[in-house]
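So that the names make sense, note that chain A is the first sequence line, chain B the second, and so on, each numbered from 1.
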2 protein chains.
Amino acid sequence: MHRPTAGRPESRGERKERTRRAILDAALELSGETSLVALSLRQVAKEVGIVPTAFYRHFDSIEALGVALVDESFVSLRAMLRDIRRGDPAFSDVVDRSITILVEHVHRQRSHFLFIARERAAGPPAVRDAIHHEIELCERELATDLARLPATDPWSAEDLRILSNLIVMAMVATAEAIMTAPPRPDAEKAIIETARAQLRMVLIGALNWQSRT
Amino acid sequence: MHRPTAGRPESRGERKERTRRAILDAALELSGETSLVALSLRQVAKEVGIVPTAFYRHFDSIEALGVALVDESFVSLRAMLRDIRRGDPAFSDVVDRSITILVEHVHRQRSHFLFIARERAAGPPAVRDAIHHEIELCERELATDLARLPATDPWSAEDLRILSNLIVMAMVATAEAIMTAPPRPDAEKAIIETARAQLRMVLIGALNWQSRT
DNA sequence: CCGGTGAGTGCACGGTCGTGCACCCGGGGC
DNA sequence: GCCCCGGGTGCACGACCGTGCACTCACCGG
């Protein structure tokens, strides 16, 4: 239960935080087999190596744990968005760069992305709501980024929202596809190529959009 | 346990089929609260009004039940695709017609669409695979439909696949949004308008696609 | 009419679940 | 140096879980 790993003193608060982390990690891993709604408090406790009732010292319920996992997962995801935003928004290769970064982050934070994809539709209500809210924030962020491009000057806020929504949903679907795909590298290559072409199609449509309507 | 509802004789096979239906209906309703993976055989049996062990006379496991529900759900969904395909594929209002039909079917077969959206990412492995396979078939169907349009004559099979994939994922996302949305009719209106605009953007992009590359 | 078949029953088992309660004991403020 | 706060323990409970087994009894084919 206690592993100072050396004569390190390790304060009270540090020990608590370490247990909390262990619970979050265990829940992320165990829920990967099925879903949060099929995860029992006792499984988590056993994996962590604490007695079931000690769980309540950190979270009120599995659902509350899930909300904390959502927060944590979206920290990864926002880091990804920051990476994508970094670098000039020249139109030429923005598509390739963005998808490359997406793929890289999906691999590096696989369990977080899997968690979001699963619980987005099947998690406990509070978790679902938290995820949808975060995704909406991502869409808004993307919309303000798009608004900064000169090509979108004549666009309405509504058009920006619609385009952002489309792009985000395509990226979510691509992330899901990558994670679902067999680990063969050619399968992933194909998914990436498809995503590239789709994103380009969407951007071409967007560029020719305002001219009508 | 037996409700002939009148002096109707009702054969052996009919009674069995009726119980099977009741099990499928109960599972569809009960799994709506959370997910298949959190659904117990005993809950289903109690809802149906049979003893738990009698469940095995109809399905080997909850997972097998889930696969049967996938089959059934996609019968609804194929009916929708048939509706959309019926009527001439004139380009002018194909977008509006398609989305109208989608919305109508989502409302009429709400529980089936909810089931697919949930279990697609979080269901038991066999259920997930079955759903992905069916969606892939839908994409192929759409691709062959698109191939019949004169505008796609110069397209490669690969391009058709990519576009179909994009359209289907947008429709899945739209269906999810409609079901998630509050029942206020104006919220649904907004989703529908967004979906229309997105589909038009995609089609505009597709029409201007082959000209480059 | 008679015998077999198979949907549904009743009971029992070992296991897991969430949670309440009294308790322990070591770090940290006084 | 003492005391208390709080993370972690141990136990017990009633409920629910999947499943095995022996059983009933109404149906249908012979």
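Around the CG atom of Asp60(B), the shell of radius 6.0 Å holds no more than 12 heavy atoms that belong to other residues, nucleotides or ligands. Atom NE2 of His107(A) sits in a crowded spot, with more than 12 heavy atoms from other residues, nucleotides or ligands closer than 6.0 Å.
Side-chain contact, Thr194(A) with Arg161(B): a donor N or O sits under 3.5 Å from an acceptor N or O. Arg118(A) and Ser31(A) form a side-chain donor-acceptor contact under 3.5 Å, judged by distance and modelled atom types alone. Inspection of the His132(B) and Glu176(A) side chains reveals no N or O donor paired with an N or O acceptor under 3.5 Å.
Remark: P of dC28(D) and CZ of Arg15(B) are 11 Å apart, rounded to the nearest angstrom. Taking atom CD of residue Glu17(A) and atom C1' of nucleotide dG7(D), one finds them 14 Å apart after rounding to whole Å. With rounding to whole Å, Leu30(B) atom CG is found 14 Å from dC16(D) atom P. What separates NZ of Lys16(A) from P of dG8(D) is a distance of 8 Å, to the nearest Å.
Classification of Arg200(A) and Asp96(A) as a salt-bridged pair holds, one side-chain N sitting under 4.0 Å from a carboxylate O. Using a cutoff of 4.0 Å between basic side-chain nitrogens and carboxylate oxygens, Arg18(A) and Glu14(A) are not scored as salt-bridged. One finds no salt bridge joining Glu193(B) and Lys189(B) here, because no Lys/Arg side-chain nitrogen approaches an Asp/Glu carboxylate oxygen to under 4.0 Å.
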Handout entry: Heavy-atom protein contacts under 4.0 Å, nucleotides 17-30 of chain C, coded B base, S sugar-phosphate only, - none
Key = BBBBB----BBS--

Handout entry: Trace of the salt bridge (Lys or Arg N to Asp or Glu O under 4.0 Å) decision for Glu104(A) with Arg108(A)
Key = CA-CA 6 Å; Glu104(A) 188 192 330; Arg108(A) 198 128 44 110; 2.7 Å; yes

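Test Leu102(A), Val103(A), Ile101(A) against His105(A) for side-chain contact (heavy atoms from CB on, under 4.5 Å) and you get one pass: Ile101(A).
Using five terminal pairs a side, the axes of the helix from dC1(C)-dG30(D) to dC30(C)-dG1(D) at its two ends make an angle of 10°, given in steps of 10 degrees.
Of all the residues in residues 22-29 of chain A, not one reaches under 4.0 Å from DNA chain C with any non-hydrogen atom.
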